[in-house]
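Read through the structure below, which is laid out as structure tokens, and then see the notes.
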Amino acid sequence: MRINLTRFWSTEYLTAKIFLVSGAVWFAVGTSLGLFSAIHLVAPDFFANIAFIEFGRVRPAHTNTVLFGFVTGMLIGAGVYILPKVLNTRLFSEPMGVVAAVTFNLAVLVGDISLLAGHSQGREYAEYIFPVDVMIVVAFLLLTANAVMTVRQRREPLLYVSSWYVVGAMLWTTVMYPFGNVLWRGRPGAMSGITDAIFLWFYGHNIFGLLVTPLAVAIGYYMVPRIARAPLYSQLLSILGFWTLLMFYTHIGGHHLIQAPIPTWLKTVSIIDSFAMMLPVAIVLINWWYTARGRFQNFLSNPVGKFFLIGSIWYAIVCVQGPLQSLAWVQRVTHFNNWVIGHSHIAVLGFTGFIAIAGMYYVLPYITGRKIYSTKLINIQYWLVLLGLLGFFVSLTAAGLIQGHVWLHGGTVYRSVPMLKPYMTTRLFEGILIIIGSYIGLYNVIMTFLKGERISE
Ligand code: HEM
Ligand code: HEM
């Protein structure tokens, strides 16, 4: 069989292509790594003495791979396509984009290998070692420069809201990442004591709020009017949502430390702003759903639209749950247990992941000149990932409530652990559904490049 790769290597859209294909690869790799952790929580001795797949190593490899490799990568892939489109120009420099894409993916690869080999900085979402951090910063510097120069050479005077979010995400991450990873302290990559915890969670929540959230919102704003075939409900709301996101999200990292001895004013600010976050979220959702009003059939009749619509619903659920779980009296039951793991999965996979997948399938035909290889496979992937994730939400939330109540009533951890067995076992099988979905997606993406039906110009 002769495989024609010419189209893949043609320079136009190469940055987007690399990010989208690598995102699909990391989706499969990242979920597979999650499987090792899930097995460990059902049968802790299953992988005993095989150091590189022990829980403490695989867990951060899983979280960083899905967060950076899969979600961030796929969102950037769609973002670098969308940005020039809404500005009626080309990407400023395709080679610069390609260097950024390769550096970013190498960083995830080297980061994962070093985590599995036991080299970790031990701070959540900042586990990658110093050289990897530097590579990520370099990639984001290049992406920011490319995005800003693309804006400068635009032919469209109106800056549509998607461009605000794409440039914002890249710029904010370039500034925030070195701070959060304490880059000036090289090897430990950390300060000491409570100051370090405050810094870490300033970064830790912003990596979700100022990197993947704005990119997902940018893609949503691009796709909604196109799928609905209707103009955006309100330009004014879109800009209001952008500035309120920046205003409130930057202060909420303290809600991870409500049970820790940080200053009370910091806890109070973080709780108040956690609730204030409902404003930018509501603005975005009202704007999307009002644009789609009366035309939801356009979304439900196509699998890409469904991925997007469900992503927006998860966003609503996450951002009602989030403020509630920032309250100290709620955290007394929900903190440090599987409740939060449930929140993480519906947030990172349900909201940003679903929209990343929608964005990828939406953009792929435009950058490859080919239709998606199989719509049926997208539908199968959609159901597998959705059912797996719904299952995750139910089992992890239930497991968290059990843990929280046992601890609240003075029960010991070792008493609560056996109670979790049915939930952890169910989660394992639900995870397998998501994993199968991710491999089906990867196959579909590769086949689109190789055999997707050509779209006549
Ligand atoms: C792309 C899809 C996925 C994303 C975006 C994702 C994301 C995450 C995140 C952000 C965490 C950290 C949670 C926290 O500390 O609060 C996490 C932990 C975890 N994930 Fe995933 N995950 C995905 C798929 C999976 C799958 C398919 C499985 C199982 C087969 C899985 C199993 C786990 C396990 C076992 C943990 C550790 C939980 C713990 O520490 O108790 N994940 N994941
Ligand atoms: C209105 C918005 C949100 C609020 C107020 C909120 C609130 C919270 C709170 C209070 C926690 C800590 C819970 C605890 O440790 O007891 C948390 C954890 C988390 N949130 Fe959110 N959340 C919001 C939206 C999001 C979004 C949009 C994402 C992802 C795109 C996200 C991802 C996560 C993750 C991954 C964690 C786990 C962190 C860890 O590993 O401990 N959240 N959230």
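Just follow the structure's listing: the first ligand is 1, and inside any ligand the first atom is 1. For reference, positions follow the sequence shown, starting with 1.
- Closest heavy-atom approach to atom 9 (C) of ligand 1 among the candidates Thr63, Ile436, Leu396: Thr63.
- Using a 3.5 Å distance cut-off with no hydrogens or angles, the side chains of Gln259 and His335 do not pair a donor with an acceptor.
- The closest approach between Arg427 and ligand 1 falls below 4.0 Å for a heavy atom of the residue.
- Heavy atoms of Trp201 found under 4.0 angstrom from ligand 2 belong exclusively to the side chain.
- Within the 4.0 Å heavy-atom shell around ligand 2 one does not find Trp314.
- Of the polar atoms of Arg59, at least one N or O is found under 3.5 Å from an N or O of ligand 1, judged by distance alone.
- A donor and an acceptor atom, one from each side chain of Gln381 and Tyr361, are located under 3.5 Å apart.
- Any N or O atom pair closer than 3.5 Å counts here, and Glu124 shares at least one such pair with ligand 1.
- At the top of the distance list for atom 32 (C) of ligand 1, counting protein heavy atoms only, stands Gly34 O, 3.6 Å.
- Residue Thr213 touches ligand 2 through its side chain alone, judged by heavy-atom distances below 4.0 Å.
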Inset, instruction - Begin from the C-alpha positions of Asp133 and Tyr177 and carry the test side chain to side chain donor-acceptor pair (under 3.5 Å) through to its verdict. - result: CA-CA 8 Å; Asp133 289 340; Tyr177 194 94; 2.8 Å; yes

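- Among all protein heavy atoms, the one lying closest to atom 17 (C) of ligand 1 is His345 CE1, 3.4 Å.
- The nearest protein atom to atom 28 (C) of ligand 1, hydrogens excluded, is given as Phe392 CZ, 3.5 Å; this is a heavy-atom distance.
- Nearest to atom 26 (C) of ligand 2 by heavy atom, out of Tyr249, Phe275, Phe351, is Tyr249.
- Nearest protein heavy-atom contact of atom 35 (C) of ligand 2 is Phe208 CZ, 3.4 Å.
- Assignment of His40 to the shell around ligand 1 is not supported, since no heavy atom sits closer than 4.0 Å.
- Contacts between His343 and ligand 1 below 4.0 angstrom, taking non-hydrogen atoms only, are absent altogether.
- Below 3.5 Å of separation, one finds an N or O of His62 facing an N or O of ligand 1.
- Test Ile82, Val161, Val86 against Tyr221 for side chain to side chain contact (heavy atoms under 4.5 Å, CB included) and you get one pass: Val161.
- With a 4.0 Å heavy-atom cut-off, ligand 2 is reached by the backbone of His335 and by its side chain too.
- Using a 4.0 Å cutoff on heavy atoms, Tyr125 counts as a contact of ligand 2.
- When heavy-atom distances to ligand 2 are checked against a 4.0 Å cut-off, Met277 comes that close only through its side chain, counted from C-beta outward.
- For Phe55, every heavy-atom contact with ligand 1 shorter than 4.0 Å involves the side chain, none the backbone.
- Contact check on Arg59 versus Glu124 returns a salt bridge, with a Lys/Arg side-chain nitrogen under 4.0 Å from an Asp/Glu carboxylate oxygen.
- Of all protein heavy atoms, the one closest to atom 37 (C) of ligand 2 is Ser344 OG, 3.3 Å.
- By the 4.0 Å heavy-atom criterion, Val318 is counted among the residues contacting ligand 2.
- Ligand 2 has at least one atom lying under 4.0 Å from a heavy atom of His205.
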